[in-house]
2 protein chains.
Amino acid sequence: MARKHSADLPLRLDNQLCFAVYSTAHAFNRVYKPLLDRLGLTYPQYLVMLVLWERDGVPVKDIGERLFLDSGTLTPLLKRLEAAELIRRTRSTEDERQVMIALSPKGEALREKARTVPQAILAASACSVSELMAMKSEIVALRDRLNAVLGE
Amino acid sequence: MARKHSADLPLRLDNQLCFAVYSTAHAFNRVYKPLLDRLGLTYPQYLVMLVLWERDGVPVKDIGERLFLDSGTLTPLLKRLEAAELIRRTRSTEDERQVMIALSPKGEALREKARTVPQAILAASACSVSELMAMKSEIVALRDRLNAVLGE
DNA sequence: CACAATTTGATTGCGCGCAATATAAATTCA
DNA sequence: TGAATTTATATTGCGCGCAATCAAATTGTG
């Protein structure tokens, strides 16, 4: 062996893409926090609201598939959104196993206040929309490859 | 207004870089999980060990700055690593405020078992080292811009 | 030296994130 | 049809992640 620990380059934190992603997710969260505080939402709650603003009245399962979250995370989160009167939770009559999530008037109204959030994030990112979209595509492709490995 | 919600493209989940980063971090975590289970570590604990394997005997503050984590996260995490006999926590004699973190022999030995982790992650990522490094650089640059916004 | 300001870490409380388990409804199929 | 299996959600427990607060040690200033 040439030198002590000479083969540890892959173990170096600075070399690891995963830590870059992990620490960037936290950085995003910290930037979002003051913006979402004004809406009374946490970031995961904001994601659920984004799903509902795109399509209202969906089962919990659909939200979970969209956000890659399970019922252990979503059930209490949705109960908090219900307690905040932003959504309603009702058992489906066709399939009694499903809980359907629907926006309340208050939840729909919140969309207006949320419109200012994306541009504030864009400004904090300090780069062009096209650059952001390119990065997003690369990262999503990576995520999908990782999830594919988990799927088999 | 042309059409209902025609101006909501920025609110669409599919367009958001942050969600891409967020969901990729979770995907990485799920890939790491079975690998780190064999080491008896969680991912954040693994990050702390990476820091210590690079430089042993550092104060908690340094670990926090490196990983972007505060004492509310690190104190209990480090106590668990101490309970697992991977590290030792001792008050600095020069500055009694500081708690110095040092690897135990068991913690040093774990480095050998950890050497197989990065290549397993590389395989799951299913792309070349140069592509990964390029992505990492872009994401780190983004993270640093986000953190810069928070800093003022 | 005295005393205020700063630094470092610990503590508490809350909201995820997820594994494991439970339960009930729906579906499959023998 | 009735049993076995699958599906959708709920519950529990644990480990972060972070804001807010606190205590102790150190530093800076006059």
Side-chain angles (χ1 to χ4, degrees), chain A residues 19 22-34 36-37 39-49 58-84 86-87 89-101 147 150, chain B residues 19 22-34 36-37 39-49 58-65 67-84 87 89-101 147 150:
Chain A
F19 174 64
Y22 166 91
S23 53
T24 304
H26 292 323
F28 261 125
N29 200 20
R30 288 190 279 266
V31 173
Y32 268 101
K33 179 115 194 356
L36 295 182
D37 280 349
L39 307 182
L41 295 174
T42 65
Y43 182 69
Q45 289 169 5
Y46 172 69
L47 291 179
V48 169
M49 296 303 286
V58 294
V60 173
K61 181 181 186 295
D62 286 18
I63 298 175
E65 283 176 356
R66 197 77 194 283
L67 302 180
F68 305 97
L69 296 172
D70 67 4
S71 73
T73 300
L74 287 176
T75 296
L77 185 156
L78 291 169
K79 285 182 177 177
R80 282 185 284 272
L81 287 181
E82 186 182 38
L86 295 173
I87 64 167
R89 298 162 65 246
T90 52
R91 286 274 164 193
S92 165
T93 49
E94 305 132 32
D95 188 337
E96 291 273 347
R97 295 171 303 180
Q98 294 189 350
V99 171
M100 304 300 290
I101 306 299
N147 282 332
L150 292 167
Chain B
F19 175 64
Y22 166 90
S23 52
T24 304
H26 291 323
F28 260 124
N29 200 21
R30 288 190 280 266
V31 173
Y32 268 101
K33 180 114 193 359
L36 295 181
D37 279 348
L39 307 182
L41 296 173
T42 65
Y43 182 69
Q45 289 169 5
Y46 172 69
L47 292 179
V48 169
M49 296 303 287
V58 294
V60 173
K61 181 180 186 297
D62 286 18
I63 298 176
E65 283 175 357
L67 302 181
F68 306 97
L69 296 174
D70 66 5
S71 72
T73 300
L74 286 176
T75 296
L77 185 156
L78 292 168
K79 285 184 177 177
R80 281 186 285 272
L81 287 181
E82 187 182 39
I87 65 167
R89 298 162 66 246
T90 53
R91 287 271 164 196
S92 165
T93 50
E94 305 132 32
D95 188 337
E96 291 274 347
R97 294 171 303 179
Q98 294 189 354
V99 171
M100 305 298 291
I101 306 298
N147 280 333
L150 291 167

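All figures in this text were calculated on a predicted structure; none of them were measured in a lab. Numbered from 1 within each chain, the chains take letters A, B, ... in sequence-line order.
- With DNA chain C read from its 5' end, the first of the two nearest nucleotides for B:R89 and A:L77 is the one closest to B:R89.
- Along DNA chain C, the nucleotide nearest to A:T93 and the one nearest to A:T73 differ in position, and the one closer to the 5' end is contacted by A:T73.
- Between B:E65 and B:K61 the shortest side-chain heavy-atom distance falls below 4.5 Å.
- Checking C:dA10, D:dT9, C:dG17 against the side-chain heavy atoms of B:H26 singles out C:dG17 as nearest.
- Side-chain proximity of A:V60 to D:dC18, D:dT9, C:dA10: nearest is D:dT9.
- A salt bridge does not link A:R66 with A:D62: every distance from a Lys NZ or Arg NE/NH1/NH2 to an Asp or Glu carboxylate oxygen is 4.0 Å or more.
- Looking only at side-chain heavy atoms (C-beta outward), B:L41 and B:V48 stay at 4.5 Å or farther from each other.
- Of the residues near DNA chain D, B:T42 and A:K79, the one whose nearest nucleotide (by heavy atom distance) lies more toward the 5' end is A:K79.
- In the set C:dA19, D:dT9, D:dA19, the nucleotide with an atom closest to the side chain of A:K33 is D:dA19.
- For A:R97, the side-chain atoms get nearest to D:dA8 when compared with the rest of C:dG17, D:dA8, D:dT9.
- Between A:D62 atom CG and D:dT9 atom C1' the separation is 13 Å, expressed in whole Å.
- Across the protein-nucleic acid pair, B:R80 atom CZ and D:dG15 atom P stand 5 Å apart, rounded to whole Å.
- Judged by distance alone, with hydrogens and angles left aside, A:S71 brings no side-chain donor or acceptor close enough to the base of D:dA8 to form a pair under 3.5 Å.
- By the 30° and 60° cut-offs, the orientation of the rings of B:F68 relative to A:F19 is parallel.
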